Amino acid sequence: MAMDKTFNAAEAEPRLYAGWTKAGAFRAGANASREETFSIMIPPPNVTGALHMGHAFNNTLQDILTRWHRMRGFDTLWQPGTDHAGIATQMVVERELAKTNRRRTDFSREEFLDLVWQQKQKSRGNIRAQLERLGASCDWDREAFTMAGAPGDPEGTPGGQNFHDAVIRVFVDMYEKGLIYRGKRLVNWDPHFETAISDLEVENTEVDGHMWHFKYPLAGGETYEYVEKDEDGAVTLRETRDYISIATTRPETMLGDGAVAVHPSDERYAPIVGKLCEIPVGPKEHRRLIPIITDEYPDPDFGSGAVKITGAHDFNDYEVAKRGGIPMYRLMDTKGAMRDDGAPYAEAADIALAVARGDQTLSEVETDALNLVPDDLRGLDRFEARKRVVDQITAEGLAVMVADADSDAPAMIPFVESKKIMQPFGDRSKVVIEPMLTDQWFVDAEKIVGPAIDAVKDGTVAILPEQDKKVYFNWLDNIEPWCISRQLWWGHQIPVWYGPYEAKISGSTDLAWKSDGSGWQICRSTEADAVRAAEEAYGSEIVVVDDWMASLALKGSGKVGIWRDPDVLDTWFSSGLWPIGTLGWPEDTEALKKYFPTSVLVTGFDIIFFWVARMMMMQYAVVGQKPFDTVYVHALVRDEKGKKMSKSLGNVLDPLDLVDEFGADAVRFTLTSMAAMGRDLKLSTSRIQGYRNFGTKLWNAFRFAEMNGVFEGRAEAAAPPAAQHTVNRWIIGETARVREEVDTALAAFRFNDAANALYAFVWGRVCDWYLEFSKPLFASDNKEVTEETRATMAWVLDQCLILLHPIMPFITEELWGLSAKRAKMLVHADWPAYTPADLVDEAAEAEMRWVIAIIDSVRSVRGEMNVPAALQIDLLQLELDEAGQAAWEKNAGLIQRLARINSITPSAEAPKGAATITVPGGTYCLPLADIIDVGAEQARLAKSLEKLEKDLRGLRGRLGNPKFIESAPEDVVEETRELAAEKEAEETRLKTALARLAEVA
RNA sequence: GGGUGAUUAGCUCAGUGGUAGAGCGCUUCGUUCACAUCGAAGAUGUCGGGAGUUCGAAUCUCUCAUCACCCACCA
């Protein structure tokens, strides 16, 4: 068989992967030879499209761990699957529809969901194909999906897990335990997707904004003495005012103000606290009046010290309003436009006025029904409304005025500060998030966070690198209620049905009164259960209807209509159950018993809060156990300049393009070698190219071996041959060292150490030296030597394949198949356990070190003296100690060949014009009278000497310091002494050589 | 405002107390015998600045500077 010159990745990789799949090599438990299990749950990619470089990185690391454990005989499971990714996936489908000018609302919920399911199937296929290209050794028979088994799922549950039922079951359990509740709260509202989102899905970004200053006139034209004082209490300003000055970045929300708040200690406003002031916008005849109240929240030193309170559109104001019983008037609709519903403004304003005066109180529902947007602003987008409000107030002369700094003429202009403000944006929609008062479902996270914190504190669960623990704790220690309801269609629909309040319920019941007092809620796993519960409670026949309106129609019919909550659950609620859900929980499956808790979670730091923390909380809450032993948090992949890869920047490297160009192994090796903990990794193609070359190098080592009959009629051997020859004994020892390095590195998740150790070993020792050394051995007449060398090389190369396989699975499997008839595929080969203690021969190592040193020195002189590479030269041996002599005699042939030396002659002195070579224990010279430039040789030696002396100065300084001898560990002192002695000897040799040169010059 | 991390060769980065490293790039030389996706040789660093601890600091402490990221409600 003649091997090709290079590895054809494009041809071989799909073939090899198919071979593994066909053999069932990745199935859970395949190749298991011991009891211990090893399990990894893939962080499920979103079914939004394709995988990016971050996925390639993440999954390469998982695959390395998986393959490594599988080869070591662990009962191994790498569980694959995908995430339905609520908003993200719905967004993708809506974007597709938009291309043909259609919208989600053009479809029924069922029709639209069919489209999403199609998207899911398409994307799921892409993702699996991509992972296969990458070589991921997942157990595809168990492929899971976070919405598998949900209504409308065309694929059902091929992997055996009904994730949907598991999610619903958890919701019901947590509801019954009081860990989930419904309530009207101020939440982050995404006006584009028209849904609530959680705090984590909000990105706060600094943008250019404005702060407007307006006057809120006191009711009835009242006035007060406004006095400002400096720090010493001296009066700096005193004037009579008929208004209170307010600053705002969001003038349009003034329409919903319920009060103006000042700090209780603020003397400036003490005279007017408790009085009413006027919101300076809206029809003049229906100006709303609001009270001036005190609250700890306003900072007297910021702005005017007075804050308008808009409870329904600002998180701070919400808290103030709750404390002060201030009404919260919602101003916008679900799209973020000014409300256009309800009674005309004049009517609504009158009611609000009565409330402000204390003449009337409203229920939550009544308050929410009140639309206080003036008629001319109704239906406007919030930003358009802002402009109008500002214009109207300014036109009326109620803007605070300041001198125009840019104008020479004395002129007054409205006080509008340009400043950077933090604005919340939806992480998916990128539109400005609006705080909105809505009914939502929450997980009472505070109640379930305890075990998640304790487990990491006491080491039950390890987070690597350690620094990420802090991030984890910081968030969990300040946990907020988690809003889990989304006003979307794509997701797990909340298993709660509502019943009307008009119909009386009888007897004892566990139905809960809805938070807004408008009816009853029933939480059950299935509709049938919900109906049964409703029947019992209402004592009437129950009909399931679409919504509240439909239930009204049943009034007087003797039947009661209940309707299901239309909302779905936050995606992270279901992905939070990934570890148990993928193993078939709530069924008590074999897989669950065997593989849970899982061994390692490999994930990026960007989802520590979203996912890692939620899995911790939820696994403890649901099954009372940790989800995994170790969390390995890796860095983010960035482009060459360190920018985060994003489509909008156009700097995305598609892993498949790179795999096409360089092969999967090269991409994997690159990512692995850069996987140092806790840092971003910047990916460049030149690096990938370098590791592609590494694969070629390995390939050609096998070609060389093949040409030298290494694989002919070989018997596959796990143990190294009992070699006699130094070169063979040496490389066997080196192999044992690298095996240990690789295992140590992988056990500590130091992937880059493993990759670099293998790179240095395969290229720097096996190819650069061992293969070169083997050439004269293969040429030997001594059959014993050639046979031993063949056996050794076969074994060493096998070890290279085994050790490299987790990182470079394809090329190694291919070479494994090409280089022998094998009992097992490499993917299931036994991982070695030999140690340096077993296999390292110190004497052989010392000898080879000496051989390499002399070859290096001769080559170095040749290179620097510009000796033609092809020229065989003579070497004169001036002096050599016993060890050197022995090493020399045993390896003369190697040295002659690799250093291109013709002959070696002992000589008492160096001839005129010779270049000196110093090695440990000896001096040689190259008589190069015709070629050498004495000046250049002098310069070369002087430079070496200078460097040597610098080292020696340091060493002598240390050894001359009695404190060093006293305090430093003995072996360090001893090492230093030896080193100094060695360097001194070399110094002498160099000085002698220089003296010689001086004579001839 | 709080927190975390970074600063080492031209570039990208390893290196947690004991002789400063790798890959890429660069310079010179080399196509006979595995590999030009290669080989041989070479150049390049007061390890961000300053102070401290130590026999000894890239490494530990403090401080300053610059950069990055995360979290946070200043109207």
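This is a predicted model, so every value here is computed, not measured. A, B, ... follow the sequence lines: proteins, then strands. Residue 1 opens every chain.
As rounded to whole Å, 10 Å separates atom P of B:rA14 from atom CE of A:M674. Atom pair A:I965:CD1 and B:rC55:P shows a separation of 14 Å (rounding to whole Å applied). A straight line from CG of A:D477 to P of B:rA72 spans 14 Å, rounded to a whole angstrom. As rounded to whole Å, 18 Å separates atom P of B:rC73 from atom NZ of A:K308. The distance between atom CG of A:L959 and atom C1' of B:rU19, rounded to the nearest whole Å, is 12 Å. For the pair A:D606 CG and B:rA68 P, the interatomic distance rounds to 19 Å; values are reported in whole Å. Following rounding to the nearest Å, A:D266 (CG) and B:rC74 (P) show an atom-to-atom distance of 21 Å. Rounded to whole angstrom, the span from the CZ atom of A:F302 across to the C1' atom of B:rC74 amounts to 6 Å.
Between A:S686 and B:rU12 there is no side-chain polar atom (N or O) within less than 4.0 angstrom of OP1 or OP2. Proximity of A:K5 to the phosphate of B:rC38: no side-chain N or O atom is located under 4.0 Å from OP1 or OP2. For the OP1/OP2 pair of B:rA34 and a distance below 4.0 Å, the side-chain nitrogens and oxygens of A:W763 include no atom meeting the criterion. Dashed line: the shortest gap from a side-chain N or O of A:K775 to OP1 or OP2 of B:rA34 is under 4.0 Å. Dashed line: the shortest gap from a side-chain N or O of A:N693 to OP1 or OP2 of B:rC38 is under 4.0 Å. For B:rC13, neither phosphate oxygen OP1 nor OP2 lies less than 4.0 angstrom from any side-chain nitrogen or oxygen of A:R687.
Between the P atoms of B:rU8 and B:rC13, the separation comes to 10 Å (whole Å). Nucleotides B:rC69 and B:rC26, compared at atom C1', are 34 Å apart to the nearest Å. Between the P atoms of B:rA36 and B:rU31, the separation comes to 13 Å (whole Å). Nucleotides B:rA34 and B:rU59, compared at atom P, are 48 Å apart to the nearest Å. Separation of the P atoms belonging to B:rG25 and B:rC38 is 9 Å when rounded to the nearest angstrom. On the C1' atoms, B:rA58 is 14 Å away from B:rA9, given to the nearest whole Å. Here, B:rU44 and B:rC71 have their C1' atoms 42 Å apart, quoted to the whole Å. Between B:rA41 and B:rG23, the distance separating the two P atoms is 13 Å to the nearest Å.
When each of A:S673 and A:Y691 is assigned the nucleotide of RNA chain B with its nearest heavy atom, A:S673 is the one assigned upstream, toward the 5' end.
The partner of B:rC38 is B:rG30, judged by Watson-Crick or G-U wobble contacts that both fall below 3.5 Å. Look at B:rC11: its Watson-Crick or wobble partner, with both distances under 3.5 angstrom, is B:rG23. When both pairing distances are held under 3.5 Å, B:rC69 makes a Watson-Crick or G-U pair with B:rG3. With both pairing distances under 3.5 Å, B:rC55 is matched to B:rG18 as a Watson-Crick or G-U wobble pair.
Closest to the side chain of A:K963, out of B:rA41, B:rC55, B:rU32, is B:rC55. For A:R703, taking side-chain heavy atoms from C-beta onward, the closest of the listed nucleotides B:rU19, B:rC35, B:rA75 is B:rC35. With B:rA43, B:rA40, B:rC74 as the candidates, the nucleotide lying closest to the side chain of A:K943 is B:rA43. The side chain of A:R900 sits closest to B:rU32 out of B:rG18, B:rA75, B:rU32. With B:rC71, B:rA41, B:rA75 as the choices, the nucleotide that has an atom nearest any side-chain atom of A:D856 turns out to be B:rA41. Candidate nucleotides B:rA75, B:rG18, B:rC35 were compared by shortest atom distance to the side chain of A:K697, and B:rC35 ranks first.
One can find a donor-acceptor pair under 3.5 Å joining the base of B:rC73 and the side-chain atoms of A:N316.
A distance below 6.0 Å separates the ring centres of A:Y691 and A:Y759.
Contacts of A:N756 with the nucleic acid, taken as non-hydrogen atoms under 4.0 Å apart, are absent.
Shown here is A:E203, whose CD atom has more than 12 heavy atoms of other residues, nucleotides or ligands within 6.0 Å. Counting non-hydrogen atoms of neighbouring residues, nucleotides and ligands closer than 6.0 angstrom, the CD atom of A:E206 exceeds 12 such neighbours.
Looking only at atom types and distance, the side chain of A:T310 has a donor-acceptor partner in the side chain of A:D257 under 3.5 Å away. One side chain, A:T918 or A:E986, offers a donor N or O that lies under 3.5 Å from an acceptor on the other.
With A:R692 contributing its side chain and A:I688 its backbone, the two residues share no donor-acceptor pair below 3.5 Å.
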